[in-house]
Protein chains: 2
Amino acid sequence: MKITFKGDYALKAVLDLAMYYDKPQSVDEISKRQDIPYKFLEQILLQLKKGRFVKSLRGRNGGYVLAHKPAQITLGQIVRFVDGPVEPISCAFAAKPSPCNYSGNCVLREVFCDIGKMIAEKVDNITFENLKERQKKNIAKTKKYLDYSI
Amino acid sequence: MKITFKGDYALKAVLDLAMYYDKPQSVDEISKRQDIPYKFLEQILLQLKKGRFVKSLRGRNGGYVLAHKPAQITLGQIVRFVDGPVEPISCAFAAKPSPCNYSGNCVLREVFCDIGKMIAEKVDNITFENLKERQKKNIAKTKKYLDYSI
DNA sequence: TTAATATCCTACTAACTATATCGGAATAAT
DNA sequence: ATTATTCCGATATAGTTAGTAGGATATTAA
């Protein structure tokens, strides 16, 4: 798994939409809040729309909303959709891995398959509802800290 | 963590040298056994030499040997040396991660740091001695299977 | 001494990917 | 009509990946 800027932006955008669930957010708003280049974000959201993760409302007062409840979208879904398989090497997710020597019993492949499963286990069990809640707590903590320090 | 062809080749080369520990193996031999392009492998072994993972013997009958015992070289060392950090995103291993919104308490970063630790835990605890033993078992199994089927 | 067999070193390249930017068309609300 | 928005395709540029090419240097066996 390698998360690119694009993948990172996609995750941030989806999390942003989860925080503002069911109220359409424009590309401009998300772009500013999450510090993502406007035109790049535009592309990403169009891609997410094709993947049916978000829905759009065109025209004035338009914007994007999540296509499903935050609890029904997992981190893994978005990562895979934007940045590809979470396995660290292609032979670990290929349907028919190219045969290594020693008749395909490649120990390295076995290890990377294990790691791939570990990663999948993790990312497939984190929903954007989870992330949203954790984000809220972080904000609360930061706020508290600011209250003391000001 | 993303394992490139180069990284995969490096791991295979080191494992090959572990299988033939203390007997120098030429680039040509490793290249043929592991099905790695000769000239590419040459480069990789030179790099591994600079990293002090292998030693070389020049001239006729020369070749490469491991610089340490297989039990003292981990999968993680080679992966990091050739393909870089095992963390899935740069903010997860950067000394000073660029501040996200919400005052740096980025939940996504937290998740990817967790995953990075999981991966590190795994790759840092697999030595080439482990891999060698597993490889040997796989070969034995394959041999047994062939004995039956022929 | 010479030929063969190795490693060593630097440079080059073609294809692909990442990270955007640009310009405008279509749509909807005011 | 104006403004704010999504939609869409093209372009650009830099970096990475996966090699290849050609020769210099070292060692050894005949």
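All chains are named by letter (A, B, ...) in the order of the sequence lines, taking the proteins before the strands, and each is independently numbered beginning at 1. Since the structure is predicted, the reported quantities are computational estimates derived from the model, not experimental observations.
Contact annotation for L45(A): no contact, since no heavy-atom pair falls under 4.0 Å across all strands.
Between N61(A) and the phosphate of dT30(C), there is a side-chain N or O to OP1/OP2 separation shorter than 4.0 Å. Residue S56(B) has a polar side-chain atom (N or O) positioned under 4.0 Å from OP1 or OP2 of dC8(C). Residue K49(A) has a polar side-chain atom (N or O) positioned under 4.0 Å from OP1 or OP2 of dC7(D). Here T4(A) reaches the OP1 or OP2 of dT19(C): one of its side-chain N or O atoms lies under 4.0 Å away.
When distances run from any side-chain atom of R60(A) to the nucleotides dC8(C), dT3(D), dT28(D), the shortest one goes to dT3(D).
Not a single donor-acceptor pair under 3.5 Å links the side chain of T127(A) to the backbone N or O of I73(A).
In this structure, Q25(B) and L17(B) have side chains that are in contact, with non-hydrogen atoms separated by less than 4.5 Å.
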*Under 4.0 Å protein heavy-atom contact, by nucleotide of nucleotides 19-24 of chain D - B base, S sugar-phosphate only*: BBBBB-
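Contact check on D28(B) versus K32(B) returns a salt bridge, with a Lys/Arg side-chain nitrogen under 4.0 Å from an Asp/Glu carboxylate oxygen.
Note on the helix from dT1(C)-dA30(D) to dT30(C)-dA1(D): terminal axis deviation equals 0°, with five pairs used at each end and the result rounded to 10°.
Taking the centre and axis of the six-membered ring of Y20(B), the NZ or CZ atom of R33(B) falls inside the cone set by 45° and 6.0 Å.
In terms of heavy-atom proximity, E121(B) sits nearest to N125(B) at O-ND2, 2.6 Å.
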